[in-house]
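Here's the structure, in structure tokens; my notes come after.
Per chain, numbering begins at 1; letters A, B, ... match sequence-line order. Everything quoted here is computed from the prediction, not taken from an experiment.
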2 protein chains.
Amino acid sequence: MEPELPKFESVFSIDCVIFGFEDGVLKILLIERNDPPFKDWWALPGYFVDRDESIEEAAKRILYTFTGLRDIFLEQFYTFGDVDRHPQGRLITVAYYAMIQLNGKKDLKPTSPFVKKAFWHPVSDLPKLAFDHTQIFEKSLQKIKRKITYRPIAFELLPEKFTLTQLQNLYEAILNKKLDKRNFRKKMLNYGILKELDEKQQGVSYRAATYYKFDRRKYNKLFQKELSFIKE
Amino acid sequence: MEPELPKFESVFSIDCVIFGFEDGVLKILLIERNDPPFKDWWALPGYFVDRDESIEEAAKRILYTFTGLRDIFLEQFYTFGDVDRHPQGRLITVAYYAMIQLNGKKDLKPTSPFVKKAFWHPVSDLPKLAFDHTQIFEKSLQKIKRKITYRPIAFELLPEKFTLTQLQNLYEAILNKKLDKRNFRKKMLNYGILKELDEKQQGVSYRAATYYKFDRRKYNKLFQKELSFIKE
DNA sequence: CCAAAAGTGTTAATAGTACACCCATGA
DNA sequence: TCATGGGTGTACTATTAACACTTTTGG
């Protein structure tokens, strides 16, 4: 048997960058803080991890109590630990990002007393955020820019049915550059991971676009070998 | 002024996966632990972060005291925080990897009392490691496999002067697959980031290979836009 | 002269890029 | 009939993949 060793306590937190996409605009979820430090500031949803929950569980719990959102796939992307990043002492934060279908998830219902409100905000126009959250956001954007080029994570941001133009707008919003329409469509359709639906747009005053669906099964077969997904 | 807030104390640690390359074999640096828990086990170099040092400073300090290695570029790649990953309580660990030129750095001189010895071990044949270090190593390998395909981090593992065959062997060791010699050379030379030297191998009983040097300046110009570096 | 690794080119297939007009729809 | 976005093809270039023999060197 090993001798009895002292127990230690850890204090650490998580922050979440939740991306959504609406009206061709890339947004993230912010909260207004209800408590000091940074009371009344806008911030990323984040809080302390309980001692008996995994980091991911914590991320999910905090996201739920801060926003009412559930069942979201979160991916860890970086850990921030500068000595002076929190006024109450040394605190490290494990940061996660997620991408969600924003439609139908507009009315956010925080139940946590630490949150005054939760809301979506365009990434192109972010104000100064609490703590080092601006830096955390920037790192997350950097990560997803890279990731959408080799993994089809962008589909997470779109509704079940979407048009190719919506998909292209999303890529353009994340990569922050224009793409060629014909080449984009050719490429996306070539992968064979989009299923064309019979359904078309309704009630638009221009030619109705065809809806497509992401075919996750075909994707899984195709991308087991981790191919490059789109060139930069 | 904001009201006085309670201070908190964090306990967390770092672990390092240090890659080296020698005789065509990819290796990592292990230590033999001198203290419980997992006394006498082999482990990744890692220890607690001091309260007034950044995570990266801690990683450098710990690596130095555990191995005698200095001035190494460390890159954070993941944070491990399962509830039961450490027998003394909840502990999260920020993991870093580094790639170093192994030649001339074979005699490792740990000064820390927590370390019995430090040594290089082939990755192809790792024993069971302390804590969740096997899992940490596997994640690091996954990360560098991806990274060498778009960034020339592999050069860090080679001596200043190297032959194209050495470079190819390294890629093959990391990716764990054979590459075509002609295509590999063509591609590497095409990037224009290798400088051919006048020098050739000495004293080999076969045609002497030309030495090359990595041209960091040209690389920086070329890869500002983060191109894809090698296809998988 | 043998063993061992260095070094070298071509071809075919695939993927990427650049580019402009007609189509369908509702108002 | 007009405004709006949907939808389409071709030619060129670049990249990738497959593939085998000659050269140099020391022993």
Side-chain angles (χ1 to χ4, degrees), chain A residues 22-25 148-150 152 158-159 161-173 175 177-213 222-223 225-232, chain B residues 23-25 148-150 152 158 161-173 175 177-213 222-223 225-232:
Chain A
E22 192 182 31
D23 307 325
V25 177
I148 60 163
T149 66
Y150 64 92
L158 293 173
K161 305 177 233 171
F162 51 86
T163 68
L164 290 178
T165 300
Q166 283 178 295
L167 182 60
Q168 183 176 344
N169 287 340
L170 173 54
Y171 269 87
E172 291 179 345
L175 297 176
K177 70 176 177 194
K178 287 279 164 203
L179 301 171
D180 180 87
K181 183 161 65 161
R182 277 175 292 192
N183 292 339
F184 181 83
R185 284 163 178 249
K186 202 194 313 174
K187 184 156 202 181
M188 283 296 155
L189 294 174
N190 254 349
Y191 286 120
I193 58 173
L194 295 183
K195 211 185 283 173
E196 186 175 343
L197 302 180
D198 293 331
E199 212 177 332
K200 284 180 188 287
Q201 279 182 320
Q202 298 287 331
V204 286
S205 72
Y206 45 82
R207 182 171 176 175
T210 303
Y211 280 118
Y212 288 82
K213 230 177 107 172
L222 189 61
F223 285 80
K225 294 194 268 172
E226 182 149 331
L227 297 167
S228 161
F229 187 56
I230 197 177
K231 270 284 173 60
E232 285 146 289
Chain B
D23 307 325
V25 177
I148 59 163
T149 66
Y150 64 92
L158 293 173
K161 304 178 231 170
F162 52 86
T163 68
L164 290 177
T165 301
Q166 283 178 295
L167 182 60
Q168 182 175 345
N169 287 341
L170 173 54
Y171 269 87
E172 290 178 344
L175 297 175
K177 70 175 178 194
K178 287 279 162 205
L179 301 171
D180 179 88
K181 183 162 63 161
R182 277 174 293 189
N183 292 340
F184 181 84
R185 285 162 177 249
K186 202 191 315 173
K187 185 157 200 179
M188 284 297 155
L189 293 175
N190 255 349
Y191 285 120
I193 58 174
L194 295 184
K195 209 184 285 172
E196 186 175 344
L197 303 180
D198 292 329
E199 212 177 332
K200 285 181 188 289
Q201 279 182 320
Q202 297 287 333
V204 285
S205 72
Y206 47 80
R207 181 171 176 176
T210 303
Y211 280 119
Y212 287 82
K213 230 177 108 172
L222 190 61
F223 286 80
K225 294 194 268 173
E226 182 149 332
L227 297 168
S228 160
F229 188 55
I230 196 177
K231 271 285 171 59
E232 286 146 291

Quiz item: Is any NZ, NE, NH1 or NH2 atom of the basic residue among A:Lys161 and A:Glu199 found under 4.0 Å from an Asp or Glu carboxylate oxygen of the other?
Solution: yes
Quiz item: Looking at CG of B:Leu170 and CG of B:Leu175, how far apart are the two atoms once the value is rounded to the nearest 0.5 Å?
Solution: 9.0 Å
Self-check item: Integer-rounded Å distance: D:dT8 P and A:Gln168 CD
Solution: 14 Å
Quiz item: Out of curiosity, A:Ile193 CD1 to A:Met188 CE, how far, rounded to the nearest 0.5 Å?
Solution: 7.0 Å
Quiz item: How long is the line joining NZ of B:Lys177 and P of D:dA18, in whole Å?
Solution: 10 Å
Self-check item: B:Leu179 backbone acceptor or donor facing B:Gln168 side chain under 3.5 Å
Solution: yes
Quiz item: Contact class for A:Thr163 vs. all strands (heavy atom < 4.0 Å): base, sugar-phosphate, or nothing?
Solution: nothing
Quiz item: Under the ring pair (Phe, Tyr, Trp, His ring centres under 6.0 Å) test, which residues partner B:Phe162, sequence neighbours left out?
Solution: B:Phe155
Quiz item: Looking only at side-chain N and O atoms, does B:Lys187 come under 4.0 Å of OP1 or OP2 in D:dT16?
Solution: yes
Quiz item: Taking only residues two or more places apart in sequence, or in another chain, which ones meet A:Thr165 in a side-chain hydrogen bond (donor to acceptor under 3.5 Å, both in side chains)?
Solution: A:Arg185
Quiz item: CG of A:Leu189 versus P of C:dG16: gap in Å, rounded?
Solution: 14 Å
Quiz item: Looking only at side-chain N and O atoms, does B:Arg185 come under 4.0 Å of OP1 or OP2 in C:dT8?
Solution: no
Quiz item: Within the structure shown, what part of the strands sits under 4.0 Å from A:Thr210 by heavy-atom distance: base, sugar-phosphate, or nothing?
Solution: sugar-phosphate
Practice problem: Determine the sole option in B:Leu164, B:Leu158, B:Leu167, B:Thr163 for which the side-chain contact (heavy atoms from CB on, under 4.5 Å) test with B:Tyr212 is passed. | Solution: B:Leu164
Quiz item: Taking CG from B:Leu167 and C1' from C:dA5, how many angstroms apart are they, rounded to a whole number?
Solution: 16 Å
Exercise. Compare side-chain N and O positions of A:Thr165 against OP1 and OP2 of D:dG6 and report whether any pair is under 4.0 Å apart.
Key: yes
Quiz prompt | Between C:dA6 (C1') and B:Met188 (CE): distance, integer Å | solution = 17 Å
Practice problem: Take nucleotides 19-27 of chain C nucleotide by nucleotide from the 5' end and write B, S or -, depending on whether a protein heavy atom sits under 4.0 Å from the base, only from the sugar-phosphate, or from neither. | Solution: BB--BBBS-
Exercise. Would you mind reading off the distance between A:Tyr150 atom OH and C:dA15 atom P, rounded to a whole angstrom?
Key: 21 Å
Quiz prompt | Separation of C:dG7 C1' from B:Leu194 CG (nearest whole Å) | solution = 15 Å
Practice problem: Measure from CZ on A:Phe184 to C1' on D:dG9 and round the result to the nearest Å. | Solution: 19 Å
